[in-house]
Protein chains: 2
Amino acid sequence: MEWKINDNSPIFLQLEEQLLTAVVSGYFPPGSRLPSVRELAAEAGVNPNTMQRAFAGLEGRGVILTNRTAGRSVTEDMEIIRAIRREKAREEARAFLKRMQGLGYSPEEVRQVLSETEAEEEEVWKKDLQS
Amino acid sequence: MEWKINDNSPIFLQLEEQLLTAVVSGYFPPGSRLPSVRELAAEAGVNPNTMQRAFAGLEGRGVILTNRTAGRSVTEDMEIIRAIRREKAREEARAFLKRMQGLGYSPEEVRQVLSETEAEEEEVWKKDLQS
DNA sequence: TCAACTGTATTATTGACTTAATACAAGTAT
DNA sequence: ATACTTGTATTAAGTCAATAATACAGTTGA
């Protein structure tokens with residue numbers, strides 16, 4: 001997968017975020033086996049310890065199952081995945097609205113800015129969805 | 001003003017962000033004098049050096065004028081302020097759409113989640129706008 | 001069976017952010 | 001005029017993320 005890392009926040013948090021997104025978006029299908037820590041670390045260009053820490057942060061959510069010495073896999077429970085997808089979407093929406101509110105935007109203005117921006121990105125979006 | 005600081009990103013970046021928002025939203029009116037670095041630092045509960053660094057990052061944008069030994073003030077040029085407000089809103093919108101796209105949401109689904117979330121936060125929003 | 005790979009753990013080192021404690025030159029206010 | 005406040009700079013110390021280099025026990029595959 002493609003990793004995007006900037007230095008405005010701890011790398012392990014960004015990895016955690018992107019791993020969860022990868023599962024929830026179906027990039028890593030339910031039940032599938034995940035690449036090893038070392039492999040993912042090499043792919044992302046980070047130290048294995050850092051990737052390891054990202055997984056440690058992902059524990060307890062139930063999305064990913066760890067088999068001590070036989071790698072990791074994505075849960076087959078679609079219910080869990082769907083729930084987290086919805087939860088993350090809500091978080092994003094709430095954070096976005098809060099920021100726009102902080103800038104002094106009314107709900108109507110938000111809708112307008114959003115549809116303008118959406119129009120700009122439209123081609124890319126459509127292409128990504130069908131792939 | 002109210003400061004909200006978490007440890008997921010460098011404090012000076014968060015201060016920078018919030019200062020810009022405060023100006024752009026009109027909390028610090030155009031032409032008004034800003035509190036001193038020391039005062040703002042105390043208010044935010046951070047070291048003066050950290051607040052100083054936040055201002056350093058804000059230089060060159062033209063929003064804030066520094067008068068070497070007589071404090072800082074907000075520009076009176078509303079055009080600059082409006083431009084930055086728009087720019088920041090666009091950035092937020094673009095980032096939001098990208099994240100939602102990453103979760104596998106279609107533009108229609110995004111609109112739906114957004115209006116649901118908006119409904120939840122509505123009372124708070126209205127109250128804040130009129131104050 | 002045995003080499004290769006898995007997750008996991010440990011130790012040391014580097015670098016960035018943050019705090020703390022000052023210091024100084026220049027403008028402000030009483 | 002003089003004390004106070006301003007932005008700015010410097011030095012030292014502490015914290016923590018990240019890298020690097022290993023190591024080990026258990027599973028997988030040829």
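So you know, we letter chains A, B, ... as the sequences are listed, proteins then strands, and number each from 1.
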Rounded distance (Å) that lies between atom P of dC17(C) and atom CD of Gln14(B): 13 Å
Spacing of Leu15(B) atom CG relative to dT19(C) atom C1', expressed in whole Å: 14 Å
Do you know which two heavy atoms are closest between Pro48(B) and Val37(B), and how far apart they sit? O-CG1, 3.6 Å
Nucleotides 7-12 of chain C: which of its N/O atoms have a protein N/O under 3.5 Å away?
unit_1, atom_1, unit_2, atom_2, d
dG7(C), OP2, Val37(A), N, 3.1
dG7(C), O4', Arg68(A), O, 2.6
dG7(C), N7, Arg38(A), NH1, 3.1
dG7(C), O6, Arg38(A), NH2, 3.0
dT8(C), OP2, Gln52(A), NE2, 3.1
dT8(C), OP2, Arg72(A), NH1, 3.2
dT8(C), OP2, Arg72(A), NH2, 3.0
dT8(C), O4, Arg38(A), NH2, 3.3

Taking the cut-offs as 6.0 angstrom to the six-membered ring centre and 45 degrees off its axis, would you call Arg85(B) and Tyr105(A) a cation-pi pair? yes
Judged by modelled atom types alone, do Gln18(A) and Trp3(A) share a side-chain donor-acceptor pair under 3.5 Å? no
What is the distance, to the nearest angstrom, from the CG atom on Asn47(B) to the P atom on dT11(D)? 17 Å
5'-most contact on DNA chain C (nearest-nucleotide basis), Leu13(B) vs Glu39(A), goes to Glu39(A)
Evaluate whether atom CZ of Arg72(A) has more than 12 neighbouring non-hydrogen atoms of other residues, nucleotides or ligands under 6.0 angstrom away. yes
What heavy-atom pair brings Lys88(A) and Thr21(A) nearest, and what distance separates the two atoms? CE-OG1, 3.8 Å
Expressed in angstrom and rounded to an integer, what is the separation of Ile11(A) atom CD1 from dC17(C) atom C1'? 15 Å
Which heavy atom in Ser73(A) sits nearest to a heavy atom in Asn67(A), and how many Å separate them? OG-ND2, 4.1 Å
Rounded to the nearest angstrom, tell me the gap between atom CG in Leu40(B) and atom P in dT8(D). 13 Å
